[in-house]
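Data first, discussion second: the structure below is written as structure tokens.
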Amino acid sequence: MTRALGASAVLVAFGVALLGMVLAVAGARLQRYQLIRGAYAAVYVNFGLLLVASLAMVWALVTHDFSVSYVAQVGSRATPLFYTVISLWGALEGSILFWGLVLSGFSALAVWGGTHLDPRKRAETHADVERLMPYATAILLGIGAFFYLLLVFPANPFLPVSPVPPDGPGPNPLLQNHILMGVHPPLLYLGYVGMSVPFAFSMGALLAGASGGSWIQLTRRWTMAAWAFLTAAIIAGMWWSYEVLGWGGFWAWDPVENASFLPWLTATAFLHSVMVEERRGMLRVWNLSLITATFALTILGTFLTRSGILSSVHAFAEGEIGYWFLTFIALVLIFSLALVAGRSDQLRTEGRLDAVASRETVFLFNNLLFTVFTFTVLLGTLFPLVAEAVRGVKVSVGEPFFNSMTLPLSMALLFLMGVGPALPWRVASRGIVRREFAVPGIVAVLIGLVIAVVAGGGIYAIAAFTFGAFALTINVRQFVVGARARMRAHGENPPVALARLIGANRRRYGGYVAHLGVITAAIAIAASSAYKAESESTLRKGETMSLRGRTIRLDELWGRQEPQRFVVGATVSVMRDGAAIAQMDPRLNFYTTSEQPITTPAVRSRPTGDLYLNLMAVERDGSTATIRMIVEPLVPWIWAGGMIIVLGALITMLPGRERERERVVAQAPVPGVPSRVPGLVPASPLIMSEPDARGAGS
Amino acid sequence: MRAAFALLVVAVLALAVTPFASAAQSTPSDTVLEARVRAVASELRCPVCQGESIQDSPSALAQEMRTIVREQLAAGKSPDDVKRYFTDKYGEWILLRPRAVGWNVLVYVLPVIALLVGAAVVMRATRRWAAQPQGAPAVPGDPEKAQTG
Amino acid sequence: MNWRRAAIATGFAIPLVALFSYGMTRDPREIPSPLPGRAAPDFALEVFRAGDDARDGPSPGDTIKFADLRGKVVVVNFWASWCLACRDEHEALSRVARAYADRGVQFLGVLYSDRPASGMAWISDMGGQSYPSVRDPGSRTAIEFGLYGVPETFIIGTDGRVSYKHIGPVTEQLLIEKIEPILPPVASQ
């Protein structure tokens with residue numbers, strides 16, 4: 001019953017998607033609003049259908065209905081409820097179903113948002129959006145149709161199983177070991193799929209023959225939200241690797257890690273260059289290309305994970321599905337490249353800058369660095385394939401390559417994160433430059449010297465601290481200066497001034513908060529690898545080992561049978577001055593379905609860093625245990641930094657009630673046109689514009 | 001005021017770093033060997049893992065390979081000798097960084113070219129755009145301003 | 001709509017798609033070994049389980065040296081008791097080993113990353129093994145052979161060179177196919 005319900009829901013969704021596409025395009029060409037309305041209805045219907053299918057699957061999983069093929073594949077009566085529920089996205093078919101759900105949900109939200117614009121928006125914006133919505137809807141439905149088709153044929157999770165087995169193997173043991181597995185994939189999908197919406201709007205605008213650029217503001221918030229999810233997903237993934245895989249690292253430049261990072265890079269570039277477009281009306285085609293590239297990279301990422309063309313820890317089971325994704329990615333590339341190249345002329349505007357030394361220029365260089373970064377990572381990821389095609393030899397491109405090629409770019413970006421906020425828009429005078437950079441520059445050099453002398457650690461650690469200090473000083477200073485100005489002007493006390501400051505300029509200060517998060521994470525990442533210490537010993541009960549002033553003692557070795565696995569653990573005491581101050585329990589988990597045990601390292605986090613213990617091996621008679629002990633400085637600040645980035649993104653997305661000053665859409669002075677157009681107070685959840693003023697003064 | 005603030009930032013960051021002060025202490029000679037082992041081992045791929053280096057991998061095979069690296073380095077072999085020993089057995093695949101010969105050079109050179117070309121493009125564009133006469137830039141969505149192609 | 005520019009831009013998609021299509025035909029886990037054609041690594045390994053057939057063959061505790069096997073075709077199979085795929089090839093190996101034992105072919109099982117006790121228990125479960133199995137402490141020999149995992153089988157010719165390497169379980173047919181052409185001439189028996 002559940003199986004039939006899910007299977008038919010997905011099949012119907014496919015049909016509805018196709019129908020909706022036809023209605024949307026026909027309605028747009030023939031100017032028949034009824035048809036277009038039908039297309040919008042199709043989007044909402046599909047969300048309902050995918051919701052039904054997903055709930056059916058979750059129900060089947062939870063009730064252990066092994067007559068459903070996906071449940072027979074990943075379900076098990078022994079698996080705890082939490083992991084049973086999250087096994088929805090644990091294997092290929094379920095993950096596609098989840099993707100379909102998120103896509104249909106976002107499509108519905110996008111259509112609703114596009115058809116319920118704030119009436120206070122400018123008339124041209126309304127006209128632009130009305131023209132592009134049918135095409136954007138068609139594209140969203142088209143993407144949906146592909147995924148629903150996958151669910152009907154190669155990745156069908158609702159196939160019947162006969163005879164019905166009494167139990168199943170359970171999810172991959174690696175996916176059952178940590179609660180973060182309930183967090184990382186959904187966030188990732190929300191981020192990935194979220195990028196479909198700006199893509200659809202952009203392509204829709206091109207198809208509709210839009211010549212204005214106002215629609216890009218419609219997409220900015222979507223892109224920001226998707227970016228926030230993607231950032232959170234990447235950080236969560238890093239945290240999960242760190243807590244589960246046992247080697248004390250969190251990023252290995254694995255092809256699938258890179259696949260999630262690539263769209264993040266282009267999306268970050270976009271979030272910056274779109275500000276140049278909003279102010280100067282230029283870089284439209286470039287921004288369009290960035291959005292397209294971001295979407296294409298999300299599909300590429302999915303293709304890489306599921307096609308098996310690159311070896312990766314992440315690879316799902318391969319099979320037919322690679323060919324389906326290959327076809328889809330070919331279509332996406334051809335369609336978007338043709339459209340952007342063919343229609344971009346109507347959007348192109350003449351670029352104008354007031355001065356070379358300005359924030360705009362910094363953003364241009366920021367985009368350059370992000371683009372080269374993306375290219376480098378993409379090239380490195382695909383190079384083994386290229387080398388094999390050209391030379392017939394298999395080569396590896398791993399961490400050493402990516403680190404050496406991208407660290408200089410990261411340092412440059414860290415530096416720019418300081419330069420950008422310090423320079424004003426349009427033109428920076430010599431005096432401003434000197435005033436803004438003198439103190440931060442001195443601070444940075446001092447820090448660099450202190451680090452170099454006190455701790456060493458190699459050039460990248462020192463550079464990270466130096467540039468990080470530079471950017472940190474400048475970004476923090478923005479808050480200080482702005483709050484102080486408010487305190488003088490309005491007599492508010494510091495916390496209130498700060499809160500009001502942020503509230504009145506959410507986009508700017510949310511951005512600075514995000515910068516603070518990035519700087520924190522960057523410094524922490526550099527420190528955690530440069531100053532890491534590691535040691536391994538085989539201990540008997542009662543014996544100790546020490547590293548960097550930290551001592552641990554093996555107290556007990558124990559084993560415990562759980563429904564889905566057998567756990568072997570070591571109880572270890574952290575010693576200080578001969579007394580045990582804490583207990584840690586690194587474990588080895590033996591699942592029946594896996595040859596090798598899955599490690600559960602024990603991590604003790606302090607603000608200065610982590611003490612990381614991994615149980616490598618246990619003697620059969622329980623007499624000794626081999627423990628790897630790692631001291632990793634500043635690691636908790638990576639996760640904290642990630643959360644600060646997301647917080648910054650959230651701040652920028654807060655809906656506006658900015659009563660204090662009028663909004664201006666474009667800053668450039670036009671002869672005869674007043675630079676402030678009173679009465680424009682955007683309050684739409686989708687469109688925002690940003691005042692240029694800094695704090696209370698300008 | 002500004003100076004005090006700056007010093008505060010310096011103090012905070014310096015505090016974050018002092019726990020590692022011991023890392024920079026002079027190291028006994030076998031730790032120098034360990035550092036060399038770590039450097040070479042980080043460049044070799046663990047054959048039975050997924051993309052990890054033999055330095056990072058906890059697997060037994062990786063441990064043994066590290067022992068081989070240590071033995072050879074201690075016996076006076078150069079890092080290149082050690083790498084060649086492993087590529088003889090496993091092929092080029094065992095190196096985590098492709099040897100810069102032949103076509104492989106592209107993977108190193110193309111990003112640099114991209115950066116240089118891109119920088120040149122951006123600088124030219126910036127100068128050209130800044131040299132435009134002021135007064136009539138395009139306003140987004142404003143149909144009055146003719147879009148020049 | 002500028003069709004010309006659109007066509008040119010689409011052209012850029014072609015190399016990428018071609019690359020991915022090519023990628024679909026490759027298996028990233030299959031790494032070609034540089035060993036075939038080269039001299040096989042030397043080894044001296046301790047027997048932990050004698051072959052069921054060996055009347056006068058090596059017994060547990062003896063050391064099998066590669067140098068002693070010169071003139072014979074040597075089939076070296078790396079295996080482990082925890083290796084699922086090894087079960088698939090076990091029968092085939094024992095059978096072919098038995099068939100060719102008096103034609104100058106020596107089969108050898110090398111235990112990889114496992115305890116001899118587990119290995120012996122596994123062999124008992126699988127119904128015996130016609131040829132001896134040796135231990136490889138520290139997996140040094142495995143590394144010498146460029147092992148990526150188990151099972152892997154190396155066929156070494158009478159000249160001491162590796163003639164063929166197989167990744168994954170072997171079949172009877174494959175073994176015979178690879179051994180027949182390089183059998184030593186009958187006179188040397």
Side-chain angles (χ1 to χ4, degrees), chain A residues 124-125 211-214 246-247 249 252 254 280-281 312-313 345 348-353 355-356 361 364-365 368 371-372 375-376 379-380 383 387 390-391 393-401 405 439 443 446-447 450-451 454-456 465 469 472-473 531 548 608 616 628 633 666 668 671, chain B residues 2-3 5-6 9-10 13-14 16-24 42-43 45 50-53 56-58 91-98 102-104 106-108 110-111 114-115 118-119 121-122 125-130 132 134-143 145 147-149:
Chain A
E124 295 106 70
T125 311
S211 60
S214 56
W247 55 287
D254 177 88
R280 317 284 324 204
S312 155
V313 271
D345 278 346
R348 202 181 297 275
T349 59
E350 203 52 48
R352 266 178 197 83
L353 293 179
V356 171
T361 311
L364 290 174
F365 277 102
L368 168 69
T371 307
V372 174
F375 175 69
T376 307
L379 180 65
F383 193 71
V390 169
R391 291 173 63 212
V393 178
K394 286 217 154 82
V395 299
S396 297
V397 179
E399 202 169 322
F401 168 84
M405 300 293 279
V439 170
V443 168
L446 275 177
I447 297 271
V450 167
I451 302 288
V454 168
F465 272 95
L472 189 68
T473 315
Y531 305 117
R548 283 271 187 82
T608 50
M616 308 287 291
R628 183 185 266 199
Chain B
R2 199 173 291 156
F5 172 72
V9 176
V10 177
L13 280 178
V17 166
T18 41
F20 324 132
S22 52
S42 301
E43 300 269 333
R45 185 170 186 165
Q50 286 286 8
E52 284 180 308
S53 67
D56 289 329
S57 166
E92 280 188 56
W93 184 90
I94 202 80
L95 296 174
L96 279 172
R97 200 200 296 253
W103 287 97
N104 284 353
L106 282 179
V107 81
Y108 294 100
L110 285 179
L115 182 64
V121 166
V122 169
T126 325
R127 272 199 218 111
R128 194 182 66 225
W129 289 336
Q132 293 290 346
Q134 293 309 309
V139 173
D142 188 339
K145 301 298 163 208
Q147 312 304 336
T148 52

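Nothing here was measured: the structure is a model prediction, and the numbers come from that model. In what follows, chains carry the letters A, B, and so on, assigned in the order in which the sequence lines appear, proteins first and then strands, with residues in each chain numbered from 1.
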Under 4.5 Å heavy-atom distance to chain B, tell me which part of A:V393 shows up: side chain, backbone, both or neither. side chain
Does B:I94 offer a backbone N or O that forms a donor-acceptor pair with the side chain of A:S396 under 3.5 Å? no
Ranked by heavy-atom pairs below 4.5 Å to chain A, first place among B:D56, B:V122, B:N104, B:V107 goes to B:V107
To the nearest 0.5 Å, what is the distance between CG (A:L353) and CZ (B:R127)? 12.5 Å
Cut-off 4.5 Å, heavy atoms of chain A, and the answer for B:A125 is neither
Begin from the C-alpha positions of B:W129 and A:L364 and carry the test side-chain contact (heavy atoms from CB on, under 4.5 Å) through to its verdict. CA-CA 12 Å; B:W129 289 336; A:L364 290 174; 3.8 Å; yes
For B:T126, is it the side chain, the backbone, both or neither that has a heavy atom under 4.5 Å from a heavy atom of chain A? both
Examine whether an atom of A:V390 lies under 4.5 Å from a heavy atom of chain B, and if so say whether it belongs to the side chain, the backbone or both; otherwise answer neither. side chain
Minimal non-hydrogen separation, B:Y108 against A:F401, with atom names: CE2-CD1, 3.7 Å
Between B:S53 and chain A, which part of the residue has a heavy atom less than 4.5 Å away: side chain, backbone, both or neither? neither
Return the set of residues passing salt bridge (charged side-chain N to carboxylate O under 4.0 Å, His left out) with B:R97 (not counting sequence neighbours), or none when no residue passes. B:E43
Does the side-chain contact (heavy atoms from CB on, under 4.5 Å) test come out yes or no for A:F375 and B:L115, once each step is laid out? CA-CA 10 Å; A:F375 175 69; B:L115 182 64; over 6 Å; no
Taking salt bridge (charged side-chain N to carboxylate O under 4.0 Å, His left out) as the test, write out the residues that go with A:R391, two or more places apart. B:E92
